[in-house]
Amino acid sequence: MSATSARRILAAATLLALLTLSACAARPVFHARQITAAPPSPSVPMPMPSTSPSPSAAPTTTAPPAPGSLDWYVSQAPTFPEAPPPQPVPLTATGAIPFWHRLPTDQKVAFITIDDGGLARPPAVADFIWRAHIPVTMFLNSPAAEEHDDYFRQIQVAGGIVENHTIRHTSLAGRSYDYQRQEICGAADKLETLFGKRATLFRPPFGEYDSTTLTAARDCGAKAVLHWSETVHEGKVRYQTPEKVVQPGDVLLMHFRPALMDDLLAALKAIHRAGLTPALLEDYIR
């Protein structure tokens, strides 16, 4: 069983437990209606089938989901083969941690990431991620994560992972070590308190960094610093590399903005067109 499958099973059990507790607290449980009619008695003659023609039953049709609804987004999501068993990329035990636009892997996988958290939080995102089996990594600013922790915890229960995107979302390049360390470690501390896991991946705001950033991120517990290969905004994928197709190991960046549902769907379709499968960054960077 892959780490992603195990994580989804654990998330499912957690979600079921939460729903059970919520149902018990909110209202009584209504059981399925009991059938009270007794089976036909053998002493009573059974009716004979009629020999007269009867009108054919009208065929039943199911209306397609309304465009823009959660069911519609789920219906539009492509079907992927199961991601291969992850082969984690090698990490050095000492020295500077890596900074990657694209993970160095030949496996046919790509990675979906969502940044920030303070601007917009479309309500159906957690359900879409759960129902469409979308592995996502959230790089959150700690104040937004704290203010809207219930929202991000729903995505975490659906299988998403929370990682570090600083406190103030300001450019780090050229800043002192103490400043950068406070931005990175301070966010990591708060996110760990909120979500129960220490962030091991870091994305600098605007992708701007220097050697001090890598040192501070390592000292705060990060194993790698992530940039991106494609951005997705308002349902359109924008390629940052000469190849206009998602490549194995690519990292797709989007944000918590009003069109996030469209961005997730566009990312899934681009990954599918490339013959790849979405996978979780944390399964490859351990």
Side-chain angles (χ1 to χ4, degrees), residues 4 76-78 80-81 83-84 86-92 95-117 119 129 132 134-140 160-161 163-166 169 171-174 199-211 213-214 217-218 222-257 259-286:
T4 301
Q76 296 298 303
F80 295 92
Q87 297 175 359
V89 297
L91 298 172
T92 58
I97 61 175
F99 180 92
W100 284 317
H101 295 258
R102 170 186 291 158
L103 261 64
T105 180
D106 294 328
Q107 292 195 292
K108 293 186 175 182
V109 294
F111 306 97
I112 295 174
T113 65
I114 317 173
D115 277 16
D116 299 351
L119 179 60
I129 288 171
I134 309 172
V136 301
T137 298
M138 299 175 281
F139 287 94
L140 300 180
I161 304 295
E163 298 293 359
N164 190 346
H165 198 43
T166 73
H169 199 271
S171 178
L172 298 180
T200 58
L201 303 179
F202 174 66
R203 173 171 282 153
F206 317 109
E208 297 173 352
Y209 77 106
D210 56 20
S211 60
T213 309
L214 301 183
R218 179 200 61 201
K223 296 179 179 178
V225 177
L226 275 299
H227 202 263
W228 53 86
S229 315
E230 290 86 23
T231 62
V232 192
H233 181 50
E234 295 184 342
K236 183 176 180 180
V237 178
R238 294 169 171 84
Y239 296 90
Q240 310 294 301
T241 56
E243 313 95 341
K244 299 302 180 183
V245 64
V246 182
Q247 300 290 316
D250 273 7
V251 179
L252 289 83
L253 164 68
M254 59 196 71
H255 293 80
F256 284 99
R257 290 173 175 162
L260 179 54
M261 297 283 282
D262 295 314
D263 295 344
L264 286 166
L265 184 58
L268 292 175
K269 290 183 176 180
I271 294 170
H272 187 265
R273 285 194 302 270
L276 307 178
T277 298
L280 204 59
L281 274 174
E282 289 75 4
D283 287 341
Y284 284 78
I285 308 174
R286 298 177 182 173

Look up atom [atom1] in [X] and atom [atom2] in [Y], then write down how far apart they are to the nearest 0.5 Å.
| X | Y | atom1 | atom2 | result |
| --- | --- | --- | --- | --- |
| I134 | I114 | CD1 | CD1 | 8.0 Å |
| L140 | I161 | CG | CD1 | 11.5 Å |
| L201 | I285 | CG | CD1 | 5.0 Å |
| R218 | T92 | CZ | OG1 | 9.5 Å |

Counterpart residues, side-chain contact (heavy atoms from CB on, under 4.5 Å), relative to [X] (two or more places apart):
| X | answer |
| --- | --- |
| Q240 | W228, T231, R238 |
| T137 | T113, F139, E163, L280, L281, E282 |
| R257 | L119, H233, H255 |

Query raised in the report: Taking only residues two or more places apart in sequence, or in another chain, which ones meet E208 in a side-chain hydrogen bond (donor to acceptor under 3.5 Å, both in side chains)?
Result: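 Applying side-chain hydrogen bond (donor to acceptor under 3.5 Å, both in side chains) to E208 gives S171.
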Report summary line: D210 and L172 have their tightest heavy-atom pair at OD2-O, 4.3 Å
Query raised in the report: Which pair of non-hydrogen atoms, one from P88 and one from D283, has the smallest distance, and what is that distance?
Result: CG-O, 3.9 Å
For [X], check ring pair (Phe, Tyr, Trp, His ring centres under 6.0 Å) against everything at least two apart and list the hits.
| X | answer |
| --- | --- |
| F256 | F152 |
| F99 | H101, Y209, H227 |
| F206 | H169 |

Query - Exercise: do Q107 and Y284 side chains pair donor with acceptor under 3.5 Å - result: yes
**Report entry** Stepwise side chain to side chain contact (heavy atoms under 4.5 Å, CB included) check, V89 with W100
**Finding:** CA-CA 11 Å; V89 297; W100 284 317; 3.4 Å; yes
Taking C-beta and beyond as the side chain, do [X] and [Y] meet within less than 4.5 Å on heavy atoms?
| X | Y | value |
| --- | --- | --- |
| P135 | I112 | no |
| V136 | F111 | no |
| P84 | V109 | yes |

Which donor-acceptor pairs under 3.5 Å do side chains of residues 261-269 form with protein atoms, sequence neighbours excluded?
| residue | atom | partner | partner atom | Å |
| --- | --- | --- | --- | --- |
| D262 | OD1 | Y73 | OH | 2.7 |
| D263 | OD1 | E234 | N | 2.8 |
| D263 | OD1 | G235 | N | 2.7 |

Query raised in the report: For D115, which residues count as a salt bridge (charged side-chain N to carboxylate O under 4.0 Å, His left out) partner, sequence neighbours excluded?
Result: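 Result, salt bridge (charged side-chain N to carboxylate O under 4.0 Å, His left out) vs D115: R203.
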Could you pull out every donor-acceptor pair under 3.5 Å between side chains of residues 271-278 and any protein atom, sequence neighbours left out?
| residue | atom | partner | partner atom | Å |
| --- | --- | --- | --- | --- |
| H272 | NE2 | T79 | O | 3.4 |
| T277 | OG1 | P81 | O | 3.2 |

Query raised in the report: Can L226 and L253 be said to form a side chain to side chain contact (heavy atoms under 4.5 Å, CB included), step by step?
Result: CA-CA 10 Å; L226 275 299; L253 164 68; over 6 Å; no
Query raised in the report: Step by step, would you call L214 with V225 a side chain to side chain contact (heavy atoms under 4.5 Å, CB included)?
Result: CA-CA 7 Å; L214 301 183; V225 177; 3.7 Å; yes
Requested in this report: Write out all pairs satisfying side-chain hydrogen bond (donor to acceptor under 3.5 Å, both in side chains) with one or both partners inside residues 241-254, taking only residues at least two apart or from two chains.
Outcome: R102-D250, S229-D250, T241-E243
